Amino acid sequence: MAEKRWISETLFDEQGFRMSYQVERVLYEMKTEHQDLVLFEHRFFGKMLMLDGATQVTSKDEFVYHEMMTHVPILAHGNAKEVLIVGGGDCGIAEEVLKHKSVKRLTQVEIDASVVEFSKEHFPEFTKPVLGDKRFDLVIDDGMNFVAKTDRRFDVIIVDSTDPQGPGKVLFSSRFYAACKRCMAKGGVMVTQNGVPILQPGELSSGIAKFRKLFADGFCYVAAIPTYVGGHMAMGWATDNKRLREIPLATLAARYRKAGRFPTKYWTPEVHKAAFALPRFIAELVARAK
Ligand code: SAM
């Protein structure tokens, strides 16, 4: 019997480190207009999507990142009606956002139409509820163009991007964050995919330094996502409303009840609060970010 193929994540080649996965079946593999895309079945992590050699989403652990990138900003805000996702191709985050009945409109700006197209076939658990929801609108565009031009204002901006390489690079720039600030509603908040601090310390410190030049509060919170290897994943936090990080536990619990206590597998009011208590090495990175 032929040797099974192994697919390796090449994101950390510079650090001389690769995570490799034995492939049960390749479901989809192509070079899109913007990036290399491969979707395969893994016997433990289920469906796995990689873009340009970096793991994006797996069926097994998607809930951690998707819930923390969504419920933390929306329940901290407390009255989010207009939400913007930049990136978000597979619609995993959109599915979580639309669990909030308070959200009146969700716009997703994705650069690569083929990521959404193939997600319709391979991630129906995300795309079916989302594409069937009249509050959802999809824009195929570079996120930088959209935030620079839109006349709409958003209560919550979720930047679910690839890493700072290829089409995702601009989404880590000061120009992009300044344009996000321009289209953020008063009291709004932005969260970003900000890498794994122990392997990508510069990505976090430079991101927060850029936030602090634009917003009253630039910080991050953390969660552990097994296939975003390297321990804690950092999610960037940028807002002019300093109180949003201090929402009392009881208020978060009450807002979750009011939101209908939709099912979660990772997010709880306690986990929400704890995610801002940073381990010392990350807290020092954040403190030094200028
Ligand atoms: N959660 C994943 C992660 O942390 O690596 C990201 C998931 S999502 C698949 C990332 C999406 O960002 C991809 O679909 C990619 O096409 C999109 N993207 C990359 N650069 C973009 C840009 N400049 N504007 C809009 N979308 C972009």
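Values below: every heavy atom of this structure, side chains too, minus hydrogens, waters and symmetry copies. Note that ligands are numbered from 1 as they come in the structure, with each ligand's atoms numbered from 1 the same way. Note that the structure is predicted; figures quoted are calculated from it, not measured.
The protein non-hydrogen atom at the shortest distance from atom 6 (C) of ligand 1 is Gln56 OE1, 3.0 Å. Distance from atom 1 (N) of ligand 1 to its nearest protein heavy atom, with residue and atom name: Tyr228 OH, 2.8 Å. Protein heavy atom nearest atom 4 (O) of ligand 1, with residue, atom name and distance: Gln193 CG, 3.1 Å. For atom 24 (N) of ligand 1, the nearest protein heavy atom (residue, atom name, distance) is Gly143 N, 2.9 Å. Annotation: atom 19 (C) of ligand 1 to nearest protein heavy atom, Thr162 OG1, 3.3 Å. The protein non-hydrogen atom at the shortest distance from atom 10 (C) of ligand 1 is Asp160 O, 3.3 Å. Counting only heavy atoms of the protein, atom 22 (C) of ligand 1 lies nearest to Leu171 CD1, 3.6 Å.
If you number the atoms of ligand 1 from 1 as listed, the ones under 4.0 Å from a heavy atom of Asp142 come out as 22 (C), 23 (N), 24 (N). Taking every non-hydrogen atom of Gly89 and a distance limit under 4.0 Å, the qualifying atoms of ligand 1 come out as 8 (S), 11 (C), 14 (O). Interface of Asp112 with ligand 1, defined as ligand atoms under 4.0 Å from a residue heavy atom, comprises 16 (O). The contact set between ligand 1 and Gly88, taken as ligand atoms under 4.0 Å from a residue heavy atom, comprises 8 (S), 11 (C). The ligand atoms of ligand 1 that sit less than 4.0 angstrom from a heavy atom of Leu51 are 13 (C). Of all the atoms in ligand 1, the ones that sit under 4.0 Å from a non-hydrogen atom of Gly168 are 20 (N). Those atoms of ligand 1 with a heavy atom of Tyr65 less than 4.0 angstrom away are 1 (N), 4 (O). Of all atoms in ligand 1, listed by their number and element, those nearer than 4.0 Å to a heavy atom of Val109 are 25 (C), 26 (N).
A donor-acceptor pair under 3.5 Å links the side-chain atoms of Lys181 to the main chain of Leu214, judged by distance alone. Panel note: side chain Arg182, backbone Val147; a donor-acceptor pair is recorded below 3.5 Å.
Arg243 and Glu246 are not joined by a salt bridge, as no carboxylate oxygen comes within less than 4.0 angstrom of a charged side-chain nitrogen. Taking 4.0 Å as the cut-off between side-chain N and carboxylate O, Glu62 and Lys265 do not count as a salt-bridged pair. The existence of a salt bridge linking Lys273 and Glu270 is excluded, since no basic side-chain nitrogen approaches an acidic carboxylate oxygen closer than 4.0 Å. Ion pairing of Glu24 with Lys4 is present here, as a side-chain N (NZ or NE/NH1/NH2) and a carboxylate O approach within less than 4.0 Å. Comment: Asp36 engages Lys31 in a salt bridge, judged by a side-chain N to carboxylate O separation of less than 4.0 angstrom.
Between atom 16 (O) of ligand 1 and the options Glu110, Gln108, Met50, Met233, the minimum heavy-atom separation is to Glu110. Across the listed options Val115, Asp90, Ile111, Ile111 owns the non-hydrogen atom lying nearest to atom 26 (N) of ligand 1.
Contact annotation: for Ser161 versus ligand 1, heavy atoms closer than 4.0 Å belong to the backbone alone. Under 4.0 Å from ligand 1, the heavy atoms of Gln35 that appear belong solely to its side chain.
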Hey, mind stepping through Asp13 and Thr10 against side chain to side chain donor-acceptor pair (under 3.5 Å) and telling me if it holds? CA-CA 5 Å; Asp13 277 11; Thr10 55; 4.9 Å; no

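For the ligand labelled ligand 1, residue Asp141 lies inside the 4.0 Å heavy-atom shell.
Relative orientation of the Phe276 and His272 rings is tilted, given thresholds of 30° and 60° on the angle between their planes.
Residues Phe63 and Glu96 have side chains not in contact (no heavy-atom distance under 4.5 Å, counting atoms from C-beta outward).
Just one of Asn194, Val64, Ile225 meets the side-chain contact (heavy atoms from CB on, under 4.5 Å) condition when paired with Met233; it is Ile225.
Side chains of Thr107 and Asp137: a donor on one and an acceptor on the other come within 3.5 Å.
At under 3.5 Å, not a single nitrogen or oxygen of Leu49, backbone or side chain, sits near a nitrogen or oxygen of ligand 1.
Under a hydrophobic-cluster definition in which Ile, Leu, Val, Met, Phe, Trp and Tyr are linked whenever side-chain heavy atoms come within less than 4.5 Å, directly or via other members, Ile93 and Val57 are assigned to different clusters.
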